[in-house]
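Here's the structure, in structure tokens; my notes come after.
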Amino acid sequence: MALLCLLVPRGRPDPCRVSISPEEPTVEFGTSLLFNCTSSCRNYSRLNWEVSITKMGVQGPGWVSLNIPNVTDWSLELQCFGIFGGQRVITSTTLRAYRFSPPQIYLEGDVVAGKEARVTCNASAQVSPSDPPNLSLTLRGGGLPPSTRWGPSVALDFTARPEQHGQEVTCEAVLQLGRHTVNASATTALQVWAAPHNVRVRASRTVFTAGANLTVMCRAEGNPPPQFRWELPTNAGWELQDGGTTVTIPAGQRAHSGTYRCLAENRYGTGTASIDILFQASSRSPLIPVVVTLAVVVTLAALTVTWWFSRARSWKPMPDGSQPN
């Protein structure tokens, strides 16, 4: 009986490899970066770097590091190799440097409500002396539609509104570096100046009886806060209170009737509002009660006299000795 022996070849081991970490390095120009080169096998006779700069690093079992304390090349080729028996295995990567200045936001001149304004964001980036950077800028916020531009600047033109005062505008800058991105942002609050607006004048009513107290108040919005002046029917008998926003008249008279005009002012303009006030004489005279009383007394006296005369005329004396029936 014959024995058939089948010789099955054993699987071949995986080839030895070397790898670099990080794989696609990007770093800001002038800063430092640390690399590691690792071997998948331990049977190497040599594991090291091939670079055009002075090598600084340490070595351990299956790895060797490379420290670049000051990156001064925009692009630097890095190679790491391992020798396994008679085989040399090499891997490489390219270090890319960049410069990136964070964005800055500018408001051109005073932003005044009702007028055209512009907000601008600028940023700068460099990836090499010759290649333009892949840089985008986006402005958003402040009640404005977002705007995105490729390049070092983006601007938004708008008509300023009072309610935008204090709202924040943000600029986001994104620098694309291969598969990596670098982000930076800046924020500022809108400073919107506004002439006085929404000027309102009010009193408890508009018709008063002579001798009544009058209070007229004025309110207005504006930035900076407005100062107040009044144009009044008379220069007598009134007082200003609450920083000039309120006029009070104790015991107003008919001379105080007329238009009360409030003028709210700041360096960006003037707003006005007014109210008409009427003081009229009292509808009741103090002599009326006396006249009524006298009329009642006279009427009662007349009635009394009439009754007495009526009684006197109807009464007749009776003859002597006669007896009434």
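Throughout, numbering of the chain's residues begins at 1 and tracks the sequence.
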On a heavy-atom basis, which atom in [X] and which in [Y] lie closest, and how many Å separate them?
X	Y	answer
P133	V127	CA-CG2, 4.2 Å
V201	C262	CG2-CB, 3.6 Å
L156	P145	CD1-O, 3.4 Å
A97	D73	CB-O, 3.4 Å
H256	G252	ND1-CA, 3.6 Å
V111	A117	CG1-CB, 3.9 Å

Any side-chain heavy-atom pair of [X] and [Y] under 4.5 Å:
X	Y	result
T248	L214	no
L76	V71	no
L95	T93	no
C80	N48	no
R42	P61	yes
S65	L34	yes
Y260	S274	no
T120	I105	no

What residues form a salt bridge (Lys or Arg N to Asp or Glu O under 4.0 Å) with [X], not counting sequence neighbours?
X	result
E163	R161
E50	R88
D157	R118

Residues 95-114 vs salt bridge (charged side-chain N to carboxylate O under 4.0 Å, His left out), sequence neighbours excluded, gives none
Between Q176 and T181, is the side-chain hydrogen bond (donor to acceptor under 3.5 Å, both in side chains) condition met? List the steps. CA-CA 5 Å; Q176 194 72 36; T181 59; 5.2 Å; no
If two hydrophobic side chains count as joined below 4.5 Å and joins carry through other members, does [X] share a cluster with [Y]?
X	Y	answer
I275	L240	yes
V18	L66	yes
V89	V64	yes
I53	V27	yes

Rounded to the nearest 0.5 Å, how far apart are [atom1] of [X] and [atom2] of [Y]?
X	Y	atom1	atom2	result
I20	T91	CD1	OG1	5.0 Å
Q126	S124	CD	OG	9.0 Å
R202	M217	CZ	CE	3.5 Å
S75	D131	OG	CG	9.5 Å
Q164	Q191	CD	CD	12.5 Å

- Query: Hey, are E172 and S185 close enough side-chain-wise for a donor-acceptor pair under 3.5 Å?
  - Reply: no
#### Entry: Enclosure of R254 CZ (heavy-atom neighbours >12, cutoff 6.0 Å)
no
Side chain to side chain contact (heavy atoms under 4.5 Å, CB included) between S32 and I68: does it pass, once the steps are laid out?
CA-CA 5 Å; S32 62; I68 304 178; over 6 Å; no
- Message: Check the orientation of F84 and Y44. Use parallel for under 30°, tilted for 30 to 60°, and perpendicular for over 60°.
- Response: perpendicular
Sequence neighbours excluded, the answer for side chain to side chain contact (heavy atoms under 4.5 Å, CB included) partners of D276 is T259
For F29, the ring-ring contact (aromatic ring centres under 6.0 Å, His included) test, sequence neighbours excluded, returns W74
Problem set entry | Residue pair V216, W230: steps toward the side chain to side chain contact (heavy atoms under 4.5 Å, CB included) verdict | CA-CA 11 Å; V216 183; W230 289 87; 3.8 Å; yes
With side chain to side chain contact (heavy atoms under 4.5 Å, CB included) as the criterion, how do F208 and L278 come out once you've worked through the C-alpha distance, each side chain's angles and the decisive distance to 0.1 Å? CA-CA 6 Å; F208 293 81; L278 175 63; over 6 Å; no
